[in-house]
Every structure is written in structure tokens, then in C-alpha cells.
Amino acid sequence: MTKVFVTGGAGYIGSHVVKLLGEKGYDVLVYDNLSTGHEWAVLYGKLIKADLADKETLKKVFLEFKPEAVIHFAASIVVPESVKYPLKYYRNNVINTINLLEVMEECKVKKFIFSSSAAVYGIPKKIPIPETEPLNPINPYGETKATVERILRDLANSGSEFKYVSLRYFNVAGADPEGKIGFAYPKTTHLIIRALKTAKGEFDKLEIYGTDYPTPDGTCIRDYIHVTDLAEAHIIALEYLLDGGESDVLNCGYGRGFSVKEVISMVKKVTGIDFKVVEAPRRPGDPAILVADSSKIKEKLHWSPRYDDLEFIIKTAWHWEKNFNP
Ligand code: UDP
């Protein structure tokens, strides 16, 4: 049984990856401080509640578990919070990742999968965005992801046997189609979850942040990808590295986009609830359009997503949201 060490495996994306790893017969150890994750979300393997800042515990767990590969989700991910508290973001996302990479080096673990983000592109010049676009983040969160990508590149070029795949996520949404896990962080800023919570009556209205963007209906366009398809991309990337694949950086999106207004219409259709929507000013730092050029991951890793369907994505998210009561 191949042993995989998963940081942040009790969180939203991490828990979906752990589910697939377990179903595919991997031996999983989740290392998570449970700051935003949940014990119930870890459906397979062992959960160690600990922090990446605690290098002593981290090393002890590594020496006992002896993983062959690491998948690293644990990070702070709220953009406005990163603007307000940059040091928290650099410490958690960069310094704690260095701790993890050092322990990997000390324990001779050489395969690494990293959760990166479309936020590394900032305001891209080309749409759809190829991986070759320069790293040009416009907020501290994106800076921390770009910084780790540079560290990984340098480590892979240092003459060590370290190999990594960095996956740049676009807008991850939806929930496990079997309904076992889903998004479970009440204070979210994400459009689909906020729209569903408004339909549920948790908020009295949904705000559209900006209707004067240079897009057909004036609202921002994003590439929404189902969390299970994204989880599958991690499994494929892991198998690629275990088979001796070279380091690489890959976009994870479907290569098409929906506007905020299109998403809201679909949420109303799926829920059957006509909730209140108001127009509001632009949110700082939002690029007008973020759509992935996803040809590289499809051609190189043969990733073939199953849920490229906004209605299905929102249906799974709604099913989860209705049944999830924090
Ligand atoms: N958005 C919105 N109202 C909300 C939440 C988000 O209009 O209550 C917009 C946001 O400005 C962006 C898009 O929806 O254009 C997607 O935002 P989200 O936070 O879901 O993801 P991001 O693209 O920022 O990672």
C-alpha cells in the first residue's frame, strides 16, 4: 500500500482527495490543525491533529509513517484576510511549507503535490490562461502561493531528487456526489456558497460585486470546477510522480467560464427559490475574467473531468448545503 501524507486533509478540497485516495487503496495519514477542517470529513486513514509550525511533531509523524509522497493543502486561503494580515499568510503558507519541505528532505521523501491557485496570475493578459503566463499576483495570498512555487522550482533544480506537481486551482465548487462531505466553513466569501446560503435564508440578500466589468453582462467570469474532478487531478498527478514523472505546473479548470449573473440564475433554478439580489460596488482585486487553458493537464496527464456541468455542480453543493447544519 502506497503511503501518502496529506496536510489539510480535513478541509474542503483535502477531504475530497482523501476520500478518493481511500477508495483507491492508498494508506493515508492526514495532518491537520483543524483550524478550519473537521474530524468527520476525514473518511479514510488516520488523522493527527497538529500544526506544521510544530516541526518536532511533524518529523516524529514522518519517521513513524514513512510516506512515499506528500500532498499539501494546509494553508490560509481568504484573500481579504491576507491583505489585512500579510504576516499571518507568509508564516502559515510559506514558512510552514518550508518546515514541511525540510522534514521531507531530512526523511528522504521526494514526491510533492502542491495546492496552488489561479491567484498567482493576478490580472492575466491571455484568456484562457496558459501556465506560461507570468506570475504576477495582486494580493498577499497569491504572493504566498507564487513564492512557494518558486521555492519548489528551485528545490527541483538543486540537484536533489525532489519532484513536484503544482496544481493551480480555478474556482472550486460543488460537493461529493455521494453527499458524504462538502464545503463546511460558515464564514465563506465564495459566490456559490453565499448564493445557496441566501436561498436557505441565512443571508437576507446576495450582493453582486460590480456590474461594469468588460464582459457581456458586466459581471465577472470564472471557471467553476467540481471538487471531485479536482480531487481526481490530484490522484493522477500523484500516480504520475510515483511512476517517475518530472516536475510540472498544471492549471486545474475546465477552460470555460460563467458570469456572476449566470451563476445566480442557475442557483435560483436549482433551488427553486427566488432570493433577493442587489448590485454592489466592485470588490477590490477581482480580475474581470479568469478562465483556465486546461489543455496541458488534459493532454499530459490524460485528465478527463466528469462533472463539467454548472447545474450538476450547484445541485451537489445545494444537496450538501441543505443537509449541513454547523
Ligand atoms: N461575488 C459576488 N458576490 C458574492 C461573492 C462573490 O458578486 O457574494 C463575485 C466575486 O466578486 C467574483 C466571483 O463572484 O467576481 C467569484 O468570487 P469567489 O469569491 O467565489 O471566487 P474568486 O474568483 O474570488 O476566487
Side-chain angles (χ1 to χ4, degrees), residues 12-13 15-16 19 41 79 118 127-128 169-233 251-283 286-292 294 303-326:
Y12 171 49
I13 302 169
S15 63
H16 286 79
K19 180 173 184 258
V79 172
I127 300 284
Y169 307 161
F170 282 67
N171 287 62
V172 189
D176 168 39
E178 291 176 10
K180 292 185 181 163
I181 43 178
F183 192 92
Y185 182 57
K187 283 188 267 172
T188 185
T189 53
H190 291 312
L191 175 64
I192 292 179
I193 307 283
R194 287 192 72 91
L196 293 171
K197 286 187 185 293
T198 311
K200 237 172 117 181
E202 272 182 47
F203 303 123
D204 61 351
K205 61 180 188 299
L206 178 73
E207 290 182 328
I208 300 182
Y209 300 139
T211 50
D212 58 349
Y213 283 97
T215 59
D217 68 15
T219 65
C220 289
I221 292 177
R222 295 288 181 273
D223 188 338
Y224 295 92
I225 163 177
H226 193 279
V227 64
T228 301
D229 278 334
L230 179 67
E232 192 69 45
N251 281 339
C252 288
Y254 290 138
R256 51 88 189 110
F258 291 99
S259 72
V260 173
K261 283 187 176 167
E262 287 171 327
V263 169
I264 293 170
S265 301
M266 187 58 86
V267 170
K268 288 187 173 179
K269 182 181 163 194
V270 166
T271 60
I273 299 167
D274 187 17
F275 52 88
K276 187 172 171 194
V277 178
V278 297
E279 296 188 0
R282 289 184 178 197
R283 188 172 69 174
D286 273 340
I289 306 177
L290 282 177
V291 172
S294 55
W303 178 63
S304 50
R306 284 184 290 168
Y307 305 119
D308 179 0
D309 174 350
L310 185 66
E311 184 164 0
F312 181 81
I313 293 172
I314 292 174
K315 270 185 183 162
T316 58
W318 178 230
H319 177 75
W320 171 259
E321 188 58 45
K322 267 193 306 191
N323 297 315
F324 173 65
N325 292 302

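Note: hydrogens, waters and symmetry copies are ignored here, and every other heavy atom, side chains too, is used.
- Distance NE2/His190 to CZ/Phe183: 5.0 Å, rounded to 0.5 Å.
- Rounded to the nearest 0.5 Å, atoms OG1 (Thr271) and CG (Leu196) are 7.0 Å apart.
- Heavy-atom neighbours of Lys315 NZ from other residues, nucleotides or ligands within 6.0 Å: at or below the threshold of 12.
- Residues Phe312 and Pro177 have side chains in contact (heavy-atom distance under 4.5 Å, counting atoms from C-beta outward).
- What you find for Thr219 and Thr215 is that their closest heavy atoms are O-OG1, 2.7 Å.
- Judged purely by atom type and a 3.5 angstrom limit, Arg194 has no side-chain atom pairing as donor or acceptor with the backbone of Leu206.
- The aromatic rings of His226 and Tyr307 sit tilted relative to each other, their planes meeting at an angle between 30° and 60°.
- Put simply, the side chain of Ile208 reaches to within 4.5 Å of the side chain of Lys261, judged on heavy atoms.
- In plain terms, the two heavy atoms of Thr228 and Ala175 that are nearest each other are OG1-O, 4.5 Å.
- The two atoms that bring Pro128 and Ala292 nearest to each other are CB-O, 3.4 Å, heavy atoms only.
- Looking only at side-chain heavy atoms (C-beta outward), Asp176 and Trp320 stay at 4.5 Å or farther from each other.
- Counting heavy atoms from C-beta on, the side chains of Pro216 and Ile221 come closer than 4.5 Å.
- Residues Arg222 and Asp286 are in side-chain contact: their nearest non-hydrogen atoms beyond the backbone lie under 4.5 Å apart.
- Across every non-hydrogen atom of Ile193 and Glu321, the tightest pair is CG2-OE1, 4.0 Å.
- Looking at heavy atoms from C-beta onward, Val260 lies out of side-chain contact with Tyr209 at the 4.5 angstrom threshold.
- Across Tyr12 and Gly182, no two heavy atoms sit closer than the pair CD1-C, 3.8 Å.
- Atom NZ of Lys322 sits about 10.5 Å away from atom NZ of Lys200, to the nearest 0.5 Å.
- Here the options are Asp229, Asn171, Leu310, the test is side chain to side chain contact (heavy atoms under 4.5 Å, CB included), and the partner is Tyr254; only Asp229 passes.
- In this structure, NZ in Lys268 is found 12.5 Å from CD1 in Ile314, a value given to the nearest 0.5 Å.
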- prompt: Where do Ile289 and Tyr213 land on the side chain to side chain contact (heavy atoms under 4.5 Å, CB included) test, with the steps shown first?
  reply: CA-CA 9 Å; Ile289 306 177; Tyr213 283 97; over 6 Å; no
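- Between Ser259 and Asp217, the shortest heavy-atom contact is OG-OD2, 2.6 Å.
- Taken from CH2 in Trp318 to NZ in Lys269, the straight-line distance is 16.0 Å, to the nearest 0.5 Å.
- A 4.5 Å side-chain heavy-atom check between Asp223 and Arg256 finds at least one atom pair inside the cut-off.
- In this structure the side chain of Ile181 reaches within 4.5 angstrom of the side chain of His16, judged on heavy atoms.
- Distance check: Leu191 CG to Arg283 CZ gives 8.5 Å after rounding to the nearest 0.5 Å.
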